[in-house]
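Owing to the predicted nature of the structure, the values given are computational and were not obtained by experimental measurement. Counting convention: from 1, in listed order, for ligands and their atoms alike.
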Amino acid sequence: MCVDGVSAGVHESLPDEFKHLPVVNCEGHLVTPGLVDLHMHAPQFAFRGLGMDLELLDWLNTRTFPEEAKYTDLDYARDAYARLIAELKNGPNARVCVFATLHLPATTLLMEMLEDSGLVSMVGKVNMDRNSPADLCEANGDESLADTRRWLQETAGRFHNTTPILTPRFIPSCSDGLMRGLAELRQEFVLPVQSHLSENPSEVQWVAELCPGTSCYGDAYRRFGLFGGDVPTIMAHCVWSDEAETALLAERGVYVAHCPQSNMNLSSGIAPVRRFLDAGVRVGLGSDMAGGCHSSIFRAMSDAVQASKLR
Ligand code: GUN
Ligand code: FE
C-alpha cells in the first residue's frame, strides 16, 4: 500500500484496515525498488551494438548522427520509440533520464509516449548548432534557443511523470552563444541540465582548443553557468576527469552518470568512480544506450563491478 508515493508500512500479517485490498503473494521473489537509468539516448536504441569498433567522435559521425537525423520523420520516431518503451516496460528500470534528438515534434512525441507508459522520466530536446552534419544541426544558437523555448512552452504542465531537462549535447556541438542562452533559459524556466563530460581523450583535447583559458572541460560548462551550483546537473561519463575536475564536480554538486558498458564499448576508458566517491561526488549509473547496448541497470551494476576490478 502506497500513501503519497511512500510505503505505508511493513507488517507481519495484514492489518484489518488493508483487508479489502488485493493481495499478491511474492514468496520466492525479490522485491526491489524500480531502478534509475541516469543517462540514455532514446533515439539510439535502434542501432545498439553496432559500430563498436569505433571511438566516440568517429562513432558519432558515422553511426549516431545519421540515425538521429531520421527523427525528422514522426512515423519513424513513433515506431522506434515504441520498441524502446516496450523494452523498458519489460525491464527493471522505472525512471530514466533521456536525451531525445534536436527535433521538437519527435521530442514532444517521446514525452507523450513515456507519459503513457507509466515510466517516470526527464526528457531533453538536444541542442546542437555547430560541428554537426547539415541534416542534424540547428541553423544557429538563436534558432536552437527559440525551438527550446517553444518546446518548453508547448509541453508545460501537460504531463505528470514526464518533465523537461535542458540538454546541450556536449561542448563541441554547442556555440558559446547557445550555451549562454541556455543558461538564461534554464534560470527562467528553473530546469535541471544534462550533458557529457570528459568521455574520450580526443574530445577532451578538442574542448581545450574550443574553450581557451578554461582549467578543464568542466570549467567550460561552469563558465557558461551550466555546471551545478544552484543548477541540478548530470554529467555523463567523466572517464578522464582528473583531480582538479573531480574537485570541481564535488564543489559544484554535479551528479556523475557512470556508464561502464559504454565506456568499454567505445574504448573510452574506466571512470575513476572511487575517486569521485571519496571526494563526495554523487554517482549514479547510466546505460548510455547506444554506447551501451543493454538497457537494464542491473546489467550496469555488474559492468560497474567488473570495470572497477580492471581498474
Ligand atoms: N557525446 C556527445 N554525444 C554523445 C552520444 O550520443 N553518446 C555518447 N556516448 N557520447 C556523446
Ligand atoms: Fe551519452
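Listed by number with element, the atoms of ligand 1 under 4.0 angstrom from any heavy atom of His41 are 5 (C), 6 (O), 7 (N). Less than 4.0 angstrom separates some heavy atom of Asp288 from each of these atoms of ligand 1: 8 (C), 9 (N). Close contacts between ligand 1 and His237 involve ligand atoms 9 (N) [criterion: under 4.0 Å to a heavy atom]. Heavy-atom contacts of Leu56 reach the following atoms of ligand 1: 8 (C), 10 (N), 11 (C) (cutoff under 4.0 Å).
None of Glu143, Glu184, Glu154, Glu188 except one satisfies the salt bridge (Lys or Arg N to Asp or Glu O under 4.0 Å) rule with Arg149; the exception is Glu188.
In this structure the side chain of His39 reaches within 4.5 angstrom of the side chain of His196, judged on heavy atoms. For the pair Phe45/Arg48, a side-chain contact is recorded, criterion being any heavy-atom separation below 4.5 Å from C-beta on.
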Would you sort out whether Asn200 and Ser268 count as a side chain to side chain donor-acceptor pair (under 3.5 Å), showing the intermediate values? CA-CA 5 Å; Asn200 171 287; Ser268 300; 4.8 Å; no
Check against side chain to side chain donor-acceptor pair (under 3.5 Å), Asn93 and Ser296: CA-CA 6 Å; Asn93 307 348; Ser296 167; 4.9 Å; no
Stepwise side chain to side chain donor-acceptor pair (under 3.5 Å) test for Asp303 and Gln261: CA-CA 6 Å; Asp303 290 333; Gln261 187 179 102; 3.1 Å; yes
Where do Asp288 and Ser262 land on the side chain to side chain donor-acceptor pair (under 3.5 Å) test, with the steps shown first? CA-CA 6 Å; Asp288 192 38; Ser262 170; 2.6 Å; yes
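Summary of contacts: the protein heavy atom closest to atom 10 (N) of ligand 1 is Glu199 OE1, 2.7 Å. Scanning the protein for heavy atoms near atom 3 (N) of ligand 1, the closest one is Arg169 NE, 2.8 Å.
For the atom pair CG of Leu60 and CG of Asn131, the computed distance is 11.5 Å after rounding to the nearest 0.5 Å.
Considering backbone and side-chain N/O of Gln44, one or more are found under 3.5 Å from N/O of ligand 1.
Taking the centre and axis of the six-membered ring of Tyr255, the NZ or CZ atom of Arg282 falls inside the cone set by 45° and 6.0 Å.
Residue contacts with ligand 1: Glu203 is excluded, as none of its non-hydrogen atoms falls under 4.0 Å. Within the structure, ligand 1 has Trp59 among the residues with a heavy atom less than 4.0 angstrom away.
Around the Fe ion (ligand 2), the protein atoms of type N, O or S found under 2.8 Å away are His39 NE2, His41 NE2, His196 NE2, Asp288 OD1, listed by chain and number.
For Glu112 and Arg158, the salt-bridge test passes: some basic side-chain N is under 4.0 Å from an acidic carboxylate O.
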